[in-house]
Structure formats: structure tokens, C-alpha cells
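These numbers come from the heavy atoms of this one structure, side chains and all, not from hydrogens, waters or symmetry mates. Everything quoted here is computed from the prediction, not taken from an experiment.
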Amino acid sequence: MKIESIKGDAMRKMMTAMAQTVSDAEPMLQDHVASYYTGNPLAYDRTGTLMTSPKVTGPNGGGDSCSMSMEMDKSISYSTGTFSGAEVIDVTNKGVAGVVGTPGYWDRAEEHVKVIADSHFGAAFGK
């Protein structure tokens, strides 16, 4: 087998594993963000806008690599309060500024997506 054939086969496997990772990462990120919504705030009304922020894109690939992106869209806007979308994401994830909910959703999602990717890439490459 020639090196170009081996590289092509590896890239196909990588893109398949990355596509599966993206497919699983999207609902996982939504679930982790939804896990923030606990408790009943008294000082503000929840709008649910935070749930529009999770974004997963990809897979992207070329040459010898492939990638995906998982983020919280900081451009979300709120018609209530004084915080920007970026500030809301920051304080809800950290659990500061008097917000009511379960913080740490982003940190949990980052760790979880690594497990998802390891599983798919391990299966693709015989781990």
C-alpha cells in the first residue's frame, strides 16, 4: 500500500470519527447548558435565551488534519437586565453575580466532549 493511500484512508477515518463526535457533541452541549436551570430566581425572570448560545460546528478537514468547534455564542442578546450575552455566559458558568442555577456547565461539557472524541477515534483506529 502506498503512503498516499494510507494517508487517504486515515483521513477518511478521521473525518468519520469527527463527524460522529460533532453529532454527539451538539445534544450533549445542549444538555449541559440546560443543567444550569435549577432553582427559582427571585430578582430576575428567566428568558431561556442562554439555550440559544450553544454552537457546534464541523467537521472541517484538509491535508492531514480535521477539527470541530464547540462554543457558546457570546453575541446572544437579552432584552432584560444590563448584562451582555458574553457576561451572562460568564456569570452563569461561574455561578457569580447573584445568578441562580448550577454553574460549571461549560467545564463539564469540555470534559465530556473529550470522552466522546476519544470513543469515536478509538473505534475508528482500533483502540
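Taking a cutoff of 4.0 Å between a charged side-chain nitrogen and a carboxylate oxygen, Lys114 and Asp118 do not qualify as a salt bridge.
The backbone N or O of Gly95 sits nowhere less than 3.5 Å from a side-chain atom of Tyr36 that would complete a donor-acceptor pair. Panel note: side chain Ser53, backbone Asp73; a donor-acceptor pair is recorded below 3.5 Å.
The shortest distance between side-chain heavy atoms of Asp107 and Glu110 falls below 4.5 Å. The side-chain heavy atoms of Ser35 and Arg108, taken from C-beta on, include a pair separated by under 4.5 Å. By the 4.5 Å heavy-atom criterion applied to side chains, His120 and Asp24 are counted as neighbours. Put simply, the side chain of Met28 reaches to within 4.5 Å of the side chain of Met70, judged on heavy atoms. For the pair Asp64/Lys7, a side-chain contact is recorded, criterion being any heavy-atom separation below 4.5 Å from C-beta on.
The CD1 atom of Ile3 sits 5.0 Å away from atom CD1 of Ile6, with the distance rounded to the nearest 0.5 Å. Rounding to the nearest 0.5 angstrom, the gap separating the CE atom in Met14 from the OG atom in Ser65 is 6.0 Å.
Heavy-atom minimum distance, Met68 versus Ala25: CE-CB, 4.0 Å. Of all the heavy atoms in Cys66 and Phe121, the pair that sits closest is SG-CZ, 4.3 Å. Residues Met18 and Pro59 share a closest heavy-atom pair of CG-CB, 3.5 Å. When every heavy atom of Val56 is checked against every heavy atom of Glu26, the shortest pair comes out as CG2-CA, 3.8 Å. Of all heavy-atom pairs spanning Tyr37 and Leu50, the tightest one is OH-CB, 3.2 Å. Closest approach of Thr21 to Ala117, counting heavy atoms only: OG1-CA, 3.6 Å.
No single ILVMFWY cluster, assembled from side-chain heavy atoms under 4.5 Å apart, contains both Val115 and Leu29.
For Leu42, the CG atom counts as loosely surrounded, since its 6.0 Å shell holds 12 or fewer non-hydrogen atoms of other residues, nucleotides or ligands.
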Identify each donor-acceptor pair in which a side-chain atom of residues 85-93 lies under 3.5 Å from a protein atom, sequence neighbours left out, and give them as a table.
from  : atom 1 : to     : atom 2 : distance (Å)
Glu87 : OE1    : Ser84  : N      : 2.7
Glu87 : OE1    : Ser84  : OG     : 3.3
Asp90 : OD1    : Lys94  : NZ     : 3.1
Asp90 : OD2    : Lys94  : NZ     : 3.4
Thr92 : OG1    : Val88  : O      : 2.8
Thr92 : OG1    : Ile89  : O      : 3.2
Thr92 : OG1    : Tyr105 : OH     : 2.6
Asn93 : OD1    : Tyr105 : N      : 3.1
Asn93 : OD1    : Trp106 : N      : 2.9

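Sorted pairs that involve residues 41-58 and meet salt bridge (Lys or Arg N to Asp or Glu O under 4.0 Å), not counting sequence neighbours, are lacking altogether.
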